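Okay, so here's the structure we're looking at.
First the proteins, then the strands, lettered A, B, ... as listed; each starts at 1. Note that the coordinates shown come from a computational prediction; the quantities given were computed from them, not determined experimentally. Values below: every heavy atom of this structure, side chains too, minus hydrogens, waters and symmetry copies.
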Amino acid sequence: MTTPPSELPERYDPAAAEARWQGIWDAEKAFHAEPVARDGEVVVIPDRPKAYVLEMLPYPSGEIHMGHVKNYTMGDVVAHHRRRTGHVVFHPMGYDAFGLPAENAAIRTGEPPAEVTARNIAAIRTQLKRLGFSIDWDVEISTADPGYYHWTQWIFLRFLEKGLVERREAAVNWCPKDQTVLANEQVVDGLCERCKAPVELRQLPQWFLRITDYAQALLDDMDLLVDWPERVLTMQRNWIGRSVGARVEFGLDDGSATIPVFTTRPDTLHGATFFLVAPEHPMVPRLIEGRPEQAEVTAYVGTAARTPLAERSSAERTKTGVFTGRHVINPVNGEPIPVWVADYVLMDYGTGAIMAVPGHDARDFQFATTFGLPIRRVIAEEGVEADAPLVEAMTDPGRLVNSDVLDGMAVEEAKATMCAWLAERDLGDATVGFRLRDWLISRQRYWGAPIPVVNCPECGVVPVPDDQLPVLLPHIDDYAPKGQSPLASATEWLHTTCPACGGAATRETDTMDTFVDSSWYFLRYTAPHLSNAPFSREITDYWLPVDQYIGGVEHAILHLLYARFFTKVLHDLGLVGTREPFARLFTQGMIHHQGAKMSKSRGNVVPPDDIINRFGADTLRLYILFMGPAADDAEWSDSGVEGQRRFLDRVWRLVMALPGDGAGERPTPDELAGDDAALALVRKAEATVDKVSQDIGERFSFHTAISAIQELVNHATRDAGDGTLDTPAGHRALHHAARTTVSLLFPFAPHIASELWERMGGGERLWEEPWPAADPAFLVADTVTIVVQVNGKLRDRIEVAPGMADDALLEMALALPKVEAALGGAEIKRKIVVPGKLVNLVVARP
RNA sequence: GCCGGAGUGGCGGAACUGGUAGACGCGGGGGACUUAAAAUCCCCGGCCCUUCGGGGCGUGCGGGUUCGAGUCCCGCCUCCGGCACCA
């Protein structure tokens, strides 16, 4: 659409109206909610029901995109609806402001990240305000503010006290381009999620949060997440990867030590013919010390360390390994089996060592075949000989063979029996393994919350005392990565005294993963300026859990798992009352354009500001929700946007052309009696109220809510145009339909709705007008359409009064000429009557 | 391979509990208004056949249950997402 909005007065002018209403809402603090924790204030907890409506906070890149528009518009519709249905609505906004992009800009331009970020936040805020969201701007936060990261550090120290923080040397994912360590979650297909450089493994001292301690709780409490999408729960389950099995101790041949393994198949222990340890296994140097194999094994370990992660973890790759010259004793039969080092064994899963059962594990089978190691059958299918040779690993169910006391048992029985057998002899026990790894939170970067500890040559790692928080980011001149944190170059900041002994010490120079910041932000909104605590228990107990959380499915694992973990720990520390942060979650689909995800590199981005400039914010809000089911991906269409603008213009014209009389309350059925068109329109309005309320309140089905409003507007416009409503009752019906339309439209298109509401004499404060409730008297129709079928095929329809007796319906149906023709004189074998719906006549098929 | 989700007109989609398939919107065709255009309004759009009354077929494919299936069951196919050398 290239034509500028007409200057004609009857045309709606979004620019003027939107600016005006945004000004009114701002001045009135229309969307501020209490309670919020403030220094020295007594808290009053409301007795009305609350609704905490939250959308995932944006990273302040400086520009919002259509995904943000969709996310925040959905949240805004829900917030408006809850507000007008009697809830105290908390609807805050903030910025996930630490992170690499601002730092990378600093490396390029030398401008401090804090300044880049402040400018970007201001730009984002302006764009969000242009969309007219009902956000409580009084509680806005930025995770990069010292007032915020003070408490991120404080929470870190609580984790430290609870033993949930660990500093350890570990093989970590290292991105050579970003010069930093990555969390497992940030490595995708062996590449850095951010810059796509191949990730390397490095042994470095790093900081971890022990999320694995909460693996089981994270699984168990999914029961509390009744309104989470199934696929998100599945993704988290896959990620946590619980498997039930056993820990089994294998003694070294010289009796000097035992090496534990984790296996999910303790039933196959008699089939273990060799033993594998990971190259990084701490026992490796001891195993080969002074042996002829030492040189070869050491070389293999070195090669494994240099092999890129993606290659090493590829299932297609041929198995490699090297014999250590040593043996361990299989505890079930005393048999010595050879110990090999193989890089398909992962040090950070299970115990870093496995028993190899080539007969019943595909990977072990391949290894045995490659290196000529024995393969033993211990399970046989029905009708297969116990010693039948295996040409591939047999992983199907069957009966145990060649397994002593287990012989003849089914797999499940054998597992249980073996676990009991091992436990009795103190050789192992039933246990559970998780795929989930501890969360690596240290980053060798500047723009993050400094890890609040001091490294003292005498005392080791010493936490910074609470009263010395926050550990502020120092000013530095050069942000370029050098393999260690740029913070190390701030010498004055770096050198400090040990809080424990007072001697010379240095500060920790690593900063925290930004996912730490965003793991608790939903709590800080309730106390954005509180200076002596991160939040107040009394107030978080009122607001939490978040009633409706909305965001992109790309956060299904990372952010949502971390935030759940944080909430559980804070709960166990007695700091919050809830075990889960987000009671209901909605994950939205992405907006595509020209067949692909919108991205700068593809050049297919449609900037929201452009659309607002051309059509107004209301049109954009309406269109983004009308595109399709909110959970699905949707394809951007310029002409689709125009369609929604046309709709708003139609609403505008409907209201502006309302007759001078007829305004007022909803007419009663009696007042409309005898005026069919007026009655039908009021019925339509009431049905629309019902439909829209359900679609917003229960179904998250915004596109059908909008179509329902469009149907009402079409109905009213049509009847208003052709004179059918040119009666006193008709005018009242028309006014009621228009008022209902505007009221229902408000959550989607708040500016034009407010403007029209005011022009209809409703005043300024539509945001707090009670949500309409349908009058049930109008929801029962005075006629219903009965479908008449013959053998299940539609033949005719009849209009009858509701509640007509079955016999009467049948009689009418049988009298229909079309039905008579379809029956063709055949005998009716069965008559089905569904009251209010249909009649189905069943005859013998010719 | 394992787990989860989805397949409906030219397009996005609707049909919520088994009961009128295609609401609403986009695009398309025709018409009114206009000097013309834009805007607006009206009409027509699943496919095939038709003597213009209507008839047949139709929701990825093949079966089944049922008076009746887009919806339920069984078996496939395709697409999307997650996990995957995790012992």
Problem - Given B:rC26, B:rC57, B:rU20, the nucleotide with the shortest approach to the side chain of A:Arg646 - result: B:rC26
Fill in the blank from the handout: Per atom distances to the A:Ser707 side chain, the nearest of B:rA23, B:rC57, B:rC85 is B:rA23
Practice task
Would you mind classifying the nucleic acid contact of A:Gly241 as base, sugar-phosphate or nothing, using non-hydrogen atoms under 4.0 angstrom?
Solution key: nothing
Exercise for the section: Could you classify B:rG45 for me, syn or anti, using a glycosidic angle within 90° of 0 as syn? Expected result: syn
Exercise for the section: Could you tell me whether A:Val345 contacts a base, only the sugar-phosphate backbone, or nothing, with contacts defined as non-hydrogen atoms closer than 4.0 Å? Expected result: base
Handout entry: Expected output: side-chain A:Arg265 to main-chain A:Asp361 donor-acceptor under 3.5 Å
Key = no
Fill in the blank from the handout: If pairing means Watson-Crick or G-U wobble with both distances under 3.5 Å, then the partner of B:rA32 is B:rU40
Exercise for the section: Report yes if at least one side-chain N or O of A:Arg247 is closer than 4.0 Å to OP1 or OP2 of B:rA87; otherwise report no. Expected result: no
Practice task
Please check if the side chain of A:Arg621 supplies one atom and the backbone of A:Pro747 the other of a donor-acceptor pair under 3.5 Å.
Solution key: yes
Exercise for the section: Pick the P atom in B:rG31 and in B:rU20, then give their distance to the nearest Å. Expected result: 37 Å
Handout entry: Per A:Lys319 side chain, nearest of listed nucleotides B:rC85, B:rG19, B:rG82
Key = B:rC85
Problem - Residue A:Leu794, side-chain atoms from C-beta onward, closest of B:rA87, B:rU20, B:rC85 - result: B:rU20
Practice task
Using only side-chain N and O atoms of A:Arg795, determine if any of them is under 4.0 Å from OP1 or OP2 of B:rG55.
Solution key: yes
Problem - Donor-acceptor under 3.5 Å (A:Asp429 side chain, A:Leu422 main chain) - result: no
Problem - Nearest-Å distance once atom C1' is located in both B:rG10 and B:rC73 - result: 34 Å
Practice task
Once you apply the 3.5 Å cut-off to both distances, tell me the Watson-Crick or G-U wobble partner of B:rG4, or none.
Solution key: B:rC80
Completion exercise
Nearest-nucleotide check on RNA chain B, A:Thr264 vs A:Pro629; residue mapping nearer the 5' end is A:Pro629
Practice task
Among the candidates B:rC85, B:rG13, B:rG27, find the nucleotide nearest to the side-chain atoms of A:His703.
Solution key: B:rG13
Problem - Donor-acceptor pair, side chain of A:Asp364 and main chain of A:Val357, under 3.5 angstrom - result: yes
Practice task
For A:Thr717, report the nucleic acid contact type (base, sugar-phosphate, nothing); a contact means any heavy atom under 4.0 Å.
Solution key: nothing
Practice task
Look at the side-chain N and O atoms of A:Arg718 and state whether any lies under 4.0 Å from the OP1 or OP2 oxygen of B:rC41.
Solution key: no
Exercise for the section: Examine distances only and state if a side-chain atom of A:Asp796 and a backbone atom of A:Lys818 form a donor-acceptor pair shorter than 3.5 Å. Expected result: no
Fill in the blank from the handout: With the side chain defined as heavy atoms from C-beta on, A:Ile832 is closest, among B:rG27, B:rC67, B:rC3, to B:rC67
Handout entry: side-chain N/O A:Lys793 vs B:rC57 OP1/OP2, d < 4.0 Å
Key = yes
Problem - Donor-acceptor contact below 3.5 Å, side chain A:His360 vs main chain A:Thr395 - result: no
Handout entry: Base-pairing assignment for B:rG18 (Watson-Crick or G-U wobble, both under 3.5 Å)
Key = none
Problem - Presence of A:Arg830 side-chain N/O under 4.0 Å of B:rC67 phosphate oxygens OP1/OP2 - result: yes
Practice task
Please state the P separation for the pair B:rG27 and B:rC76 - nearest whole angstrom.
Solution key: 43 Å
Practice task
Can you figure out which of B:rU20, B:rG4, B:rU40 approaches the side chain of A:Arg653 most closely?
Solution key: B:rU40
Exercise for the section: Compare the minimum distances between each of B:rC85, B:rG19, B:rG25 and the side chain of A:Leu838, then state the nucleotide with the smallest one. Expected result: B:rG19
Practice task
May I ask you to verify whether the side chain of A:Asn840 and the base of B:rC67 hold a donor-acceptor pair under 3.5 Å?
Solution key: yes
Practice task
Indicate whether OP1 or OP2 belonging to B:rG13 is found under 4.0 Å from a side-chain N or O atom of A:Thr704.
Solution key: no
Fill in the blank from the handout: Closest of B:rG5, B:rU20, B:rG25 to the A:Val787 side chain is B:rU20
Fill in the blank from the handout: For B:rG46, the nucleotide meeting Watson-Crick or G-U wobble distances (both under 3.5 Å) is B:rC57
Handout entry: A:Ser639 side chain, from C-beta outward: closest of B:rA14, B:rG25, B:rG27
Key = B:rG27
Fill in the blank from the handout: Between A:Val800 and A:Leu809, the two heavy atoms sitting closest are CG2-CD2, 4.0 Å
Exercise for the section: Whole angstrom is fine here: how far is it from CD1 in A:Ile240 over to P in B:rC3? Expected result: 18 Å
Practice task
Decide, for B:rG5, between syn and anti: a glycosidic angle within 90° of 0 counts as syn, anything else as anti.
Solution key: anti
Handout entry: Heavy-atom donor-acceptor pair, A:Lys829 side-chain to B:rC67 base, under 3.5 Å
Key = no
